[in-house]
Amino acid sequence: MRKTMGNGKIRNKKQIVLVTLLTLVVAFSLAGCGAASKYASADSAAAEAPQMNGSGAADMGYDVKEDAVDDAAYEEVAETADAADDGMTGGTDPGTSKAAQTSEKIIYTYNYSVETKQFDTFMDTVQKRINEYGGYLESSETNGNANLNITRYANMVIRIPADKMDQFLSMVKENSNVTYSGCSTENVTLSYVDLQSHIKSLKIEQETLMDLLERATKLEDVLTLQAQLTDVRYQLESYESQLRVYDNRIDYATLYLDISEVERETKVADKLSYGEEISQGLSDTFYSIGQGLRSFSIWLIVNLPTILLWAVIIVVIVWIVRKVLKRHEKWQEKRREKKAQKRQQKKEQEQQKEQVTDDSAK
């Protein structure tokens with residue numbers, strides 16, 4: 001009876017060692033060690049298992065020994081390592097590049113600046129076509145006021161399915177005057193494939209940890225496995241989130257559209273003749289002069305009440321200043337007359353004194 005129980009414990013230890021080795025192999029695959037052969041991976045895991053002090057089966061309190069793993073264990077771990085390696089490489093020849101294993105993943109970004117005389121009509125057309133093509137408006141900003149005769153302009157970030165962006169751009173060109181256009185591409189194939197590989201490997205590791213968690217009987221083992229499983233799930237969610245972002249940017253091309261409301265569209269040409277340049281230059285000059293006079297007249301009319309008010313205030317101030325100056329001049333004149341009278345009186349008194357002195361001497 002004791003012998004049977006002893007054999008059961010040994011078998012239980014073997015199963016735990018097998019699952020632990022399986023977990024280690026998957027972890028090594030995530031670190032980039034999955035490129036080794038399947039038997040080499042199993043041998044490496046078996047060699048490292050007895051030396052573990054803080055993780056895996058050794059951390060759970062089991063006594064792991066090299067002779068506890070038989071040939072069947074090596075084969076099972078090797079098959080799992082081979083599956084993990086296939087998940088990392090996509091099951092193809094290691095010499096084949098990742099870009100060749102999948103279609104190209106390219107992000108398209110467009111930048112357009114346009115002019116339009118019919119601002120409201122063009123904005124409505126753009127919104128209608130966005131809905132028609134199954135896109136969406138990511139952001140929009142409009143400035144200006146038509147009622148106050150303030151030129152309007154808008155900045156829009158538009159997301160359109162990549163396969164329909166050419167049609168949308170053709171609509172923009174037909175309904176506006178394009179003054180600038182640009183396109184940039186970003187090939188994210190390698191990053192995309194790397195994310196897929198990480199996700200596959202993490203799912204394998206997650207399944208392994210869940211299987212080990214079902215077999216665990218000690219509380220310490222359960223807590224350790226749950227912590228590892230939480231970390232794997234966190235990484236898996238992070239990679240899946242990054243993959244969804246890539247999918248959105250790849251499936252939907254981005255258009256940065258700047259719209260300006262104008263009364264006269266700018267002529268855009270690759271090359272002009274000498275006469276055409278002169279004609280266009282004179283036309284632009286006269287148009288600028290006309291716009292300047294128009295703007296000045298509008299400013300004058302709009303600000304005329306203020307100008308008249310200031311004119312009245314200035315006239316009143318000038319009148320008051322002139323009145324003050326006149327009074328000051330009169331006061332100065334009277335003052336001078338008084339001084340002259342005093343000098344004359346003083347002079348007469350001196351003459352009288354001299355006459356009296358002369359009469360007394362005679």
Side-chain angles (χ1 to χ4, degrees), residues 18-42 44-45 55-56 75-110 134-136 138 157 159-165 183-214 225-255:
L18 289 177
V19 176
T20 304
L21 292 175
L22 186 61
T23 304
L24 288 173
V25 170
V26 175
F28 288 139
S29 298
L30 286 174
C33 298
S37 65
K38 58 184 181 179
Y39 291 105
S41 299
S44 176
S55 62
E75 291 179 1
E76 183 178 353
V77 175
E79 289 176 359
T80 306
D82 189 35
D85 292 341
D86 291 341
M88 289 294 289
T89 61
T92 59
D93 185 5
T96 305
S97 65
K98 294 182 179 180
Q101 298 170 23
T102 184
S103 59
E104 295 292 325
K105 303 295 182 181
I106 300 177
I107 298 173
Y108 291 93
T109 304
Y110 299 86
Y136 62 93
E138 188 171 280
V157 180
R159 305 296 303 279
I160 300 293
D163 58 344
K164 297 181 180 179
M165 178 57 82
C183 175
S184 63
T185 60
E186 181 183 0
N187 193 324
V188 295
T189 305
L190 296 179
S191 299
Y192 192 92
V193 173
D194 285 340
L195 286 175
Q196 289 181 322
S197 300
H198 283 299
I199 290 172
K200 290 180 182 178
S201 299
L202 285 170
K203 286 182 177 179
I204 295 173
E205 184 177 1
Q206 180 178 245
E207 293 176 359
T208 303
L209 290 172
M210 291 178 67
D211 182 60
L212 183 58
L213 184 61
E214 291 178 358
L225 290 171
Q226 285 182 342
Q228 295 178 0
L229 190 59
T230 300
D231 182 63
V232 170
R233 286 174 176 171
Y234 174 79
Q235 295 182 49
L236 187 59
E237 291 176 358
S238 177
Y239 285 131
E240 288 177 343
S241 176
Q242 295 179 44
L243 196 64
R244 286 193 295 270
V245 172
Y246 270 141
D247 285 335
N248 180 267
R249 295 182 62 193
I250 292 168
D251 295 339
Y252 289 83
T254 304
L255 171 62

Atom pair CD (Glu104) and CG (Leu190), whose distance is rounded to the nearest 0.5 Å
8.5 Å
Are any non-hydrogen side-chain atoms of Ile204 and Lys200 less than 4.5 angstrom apart?
no
Pairs involving residues 233-252, ordered by first then second residue, that meet ring-ring contact (aromatic ring centres under 6.0 Å, His included) (sequence neighbours left out)
Tyr136-Tyr252, His198-Tyr239
Side-chain contact, heavy-atom cut-off 4.5 Å: Glu205 with Leu202?
yes
Inter-residue atom distance Leu229.CG - Thr208.OG1, 0.5 Å rounding
10.5 Å
With heavy-atom distances below 4.5 Å as the criterion, would you say the side chains of Asn248 and Arg159 are in contact?
yes
d(Asp247 CG, Arg244 CZ) to nearest 0.5 Å is 9.0 Å
By side-chain contact (heavy atoms from CB on, under 4.5 Å) - contacts of Glu186 (at least two apart)
Ile107, Val188, Arg249
Would you please name every residue forming a side chain to side chain donor-acceptor pair (under 3.5 Å) with Asp251, sequence neighbours left out?
none
Can you confirm whether Gln206 sits close enough to Leu209 that some side-chain heavy atom of one is under 4.5 Å from a side-chain heavy atom of the other?
no
side-chain contact (heavy atoms from CB on, under 4.5 Å) evaluation trace for Gln228 with Leu225:
CA-CA 5 Å; Gln228 295 178 0; Leu225 290 171; 4.1 Å; yes
Nearest 0.5 Å please: distance from the CG atom of Asp231 over to the CG atom of Leu236.
11.0 Å
Compare every heavy atom of Ile250 with every heavy atom of Ala162, then report the nearest pair and how far apart it is.
CB-O, 3.8 Å
Validation row: Tyr108, Met165 side chains within 4.5 angstrom (heavy atoms):
no
Ignoring hydrogens and geometry, is there a side-chain-to-backbone donor-acceptor pair from Ser241 to Glu237 under 3.5 Å?
no
